[in-house]
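Atoms within each ligand, like the ligands themselves, are counted from 1 in listed order. Index from 1, following the sequence. Source: prediction; values computed, not measured.
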Amino acid sequence: MGARLIDGKALAQQVRDRLAVESAAVLAKTGVKPGLATILVGDDPASHQYVKSKQKASEAAGIYIDDHKLSASTTQAELLALIEKMNADSKIHGILVQLPLPKHIDSRVVLEAVSPDKDADGFHPYNFGRLVEGNPVFEACTPKGVIKMLESTGVGIEGKRAVVLGRSNIVGKPLALMLLQRNATVTICHSKTKDLPAVCREADLLLVAIGKAKFVTADMVKEGAVVIDVGTNRWTDGKLCGDVDFEPVSQKAGWISPVPGGVGPMTIAMLLANTVESAKRMAGML
Ligand code: NAP
């Protein structure tokens with residue numbers, strides 16, 4: 001492997017250690033810990049596992065967890081009533097509604113019901129709009145984590161050619177805006193992009209979030225580029241893998257993030273960071 005590894009697991013640990021100190025400072029000043037409400041509807045095993053990981057990491061960082069597990073038959077009105085209660089609860093500084101929600105519930109309505117002041121996931125249109133303006137408050141966790149990973153390399157973002165593969169509202173679009181805010185020259189690619197390999201080869205920074213196992217091959221990567229892989233897929237052998245064909249691409253890239261152990265742990269760390277930041281903001285500590 002020629003590329004240097006961007007170790008998301010180790011970076012996330014550093015973030016959690018810093019947050020534990022900041023949480024203690026919030027507690028000392030206000031008498032309450034930063035608080036995160038986790039809301040999970042239904043029985044999806046993967047969602048249960050995600051929420052459990054987020055709760056464990058939160059507690060290690062000194063964050064109070066208010067856990068709400070609701071049955072799959074919960075109505076939209078019941079869920080909205082719970083969110084309203086969390087919006088008004090002074091012990092809660094961040095609200096996480098785990099997606100996907102059951103089909104009878106409109107996710108958009110639910111995410112817009114979360115107070116923009118407690119929007120730890122950064123999915124509320126108000127916070128998305130603030131990002132578009134270049135004046136963000138809560139930033140979406142996955143792209144925020146990708147930016148921290150880029151910064152950790154010391155390669156720099158300003159003036160670089162950044163190519164983002166994928167234009168979803170939770171990863172690709174906010175990531176492109178965060179890169180633009182840091183003065184990268186940004187291209188966003190999607191399923192209708194013509195000659196995608198040629199566009200990718202122009203990238204100093206190649207950020208991949210399309211959900212297609214091992215899609216990005218070495219011939220699509222510029223020598224020495226920084227490659228960050230957001231994808232979470234299962235390969236034919238059942239093992240977890242990213243959107244980047246790791247082994248061959250790591251012979252060509254300058255830096256590369258693995259899957260697992262890359263963006264995933266950083267996404268969780270950024271959820272905690274948003275919650276602690278929110279508590280500090282509410283306590284007048286920012
Ligand atoms: P998504 O909503 O499904 O969006 C996928 C994007 O990729 C779309 O914009 C789509 O283009 C584009 N795309 C699909 N096939 C393509 C192709 N062949 N060429 C170029 N573009 C293509 O996905 P997402 O929610 O952003 O997630 C992307 C991946 O990241 C998934 O594997 C997901 O599991 C993973 N993820 C990981 C984390 C984490 O914490 N590690 C967090 C979030 C997501 P169109 O818009 O034209 O359809």
Side-chain angles (χ1 to χ4, degrees), residues 6-12 15-16 38 44-47 49-58 96-101 107-108 111 120-123 128 131 139-150 162-179 186-203 206-217 219-221 227-236 238-246 256-274:
I6 309 173
D7 185 344
K9 210 171 155 190
L11 272 177
V15 173
R16 285 196 300 271
T38 57
D44 176 46
S47 294
Q49 191 50 49
Y50 290 143
V51 170
K52 210 166 136 191
S53 307
K54 291 170 184 175
Q55 291 174 335
K56 201 172 144 206
S58 297
L96 161 75
V97 182
Q98 182 65 42
L99 299 177
L101 289 167
S107 303
R108 179 185 283 269
L111 295 178
D121 259 333
F123 290 162
F128 201 66
L131 178 64
E139 292 177 304
C141 301
T142 300
K144 185 174 177 171
V146 171
I147 294 289
K148 298 279 178 223
M149 292 167 80
L150 276 177
V163 172
V164 180
L165 256 64
R167 57 174 165 182
S168 72
N169 286 333
I170 61 167
V171 189
K173 271 188 219 161
L175 178 55
L177 289 162
M178 289 176 199
L179 290 161
V186 184
T187 303
I188 308 176
C189 298
H190 45 77
S191 65
K192 306 289 184 289
T193 297
K194 291 228 161 60
D195 200 0
L196 186 71
V199 181
C200 292
R201 276 193 296 273
E202 290 178 6
L206 183 60
L207 305 317
V208 190
I210 59 175
K212 297 257 183 315
K214 305 191 186 188
F215 180 90
V216 173
T217 47
D219 63 305
M220 296 167 74
V221 176
V227 180
I228 297 193
D229 188 352
V230 180
T232 313
N233 314 288
R234 293 273 165 205
W235 190 236
T236 43
K239 287 199 182 128
L240 207 59
C241 73
D243 291 344
V244 174
D245 196 3
F246 183 87
I256 191 167
S257 72
V259 178
V263 175
M266 283 302 282
T267 295
I268 297 181
M270 293 303 110
L271 173 72
L272 316 187
N274 280 349

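- Listed by number with element, the atoms of ligand 1 under 4.0 Å from a non-hydrogen atom of G211 are 28 (C), 29 (C), 31 (C), 32 (O).
- Counting the atoms of ligand 1 from 1 in the order shown, those under 4.0 Å from a heavy atom of G166 are 6 (C), 7 (O), 9 (O).
- T38 and Q55 share a side-chain donor-acceptor pair at under 3.5 Å.
- Atoms of ligand 1 found under 4.0 Å from any heavy atom of K212, numbered from 1 in the order shown, are 14 (C), 15 (N).
- For the residue pair K144/N274, the side-chain donor-acceptor check at 3.5 Å is satisfied.
- Atoms of ligand 1 lying under 4.0 Å from any heavy atom of T267, numbered from 1 in the order shown and given with element: 39 (C), 40 (O).
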Residues 163-175 side chain polar contacts: donor-acceptor under 3.5 Å, at least two apart:
from: S168; atom 1: OG; to: V171; atom 2: N; distance (Å): 3.1
from: N169; atom 1: OD1; to: K173; atom 2: NZ; distance (Å): 2.8

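- Inside a 4.0 Å radius of atom 46 (O) of ligand 1 there is at least one protein heavy atom.
- Counting heavy atoms under 4.0 Å from ligand 1, residue I210 touches it through both backbone and side chain.
- Not close to ligand 1: C189, with no non-hydrogen atom less than 4.0 angstrom away.
- At a 3.5 angstrom cut-off on N or O pairs, K192 does not count as close to ligand 1.
- Within ligand 1, the atoms closer than 4.0 Å to a non-hydrogen atom of I170 are 25 (O), numbered from 1 in the order shown.
- Evaluated by nearest non-hydrogen atom to atom 35 (C) of ligand 1, the leading choice among D243, V216, V230 is V230.
- Only the side chain of V171 comes within 4.0 Å of ligand 1, judged by heavy-atom distances.
- Remark: ligand 1 atoms within the under-4.0 Å shell around heavy atoms of N233 are 32 (O).
- Closest to atom 17 (C) of ligand 1, if we only count protein heavy atoms, is F215 CZ, 4.0 Å.
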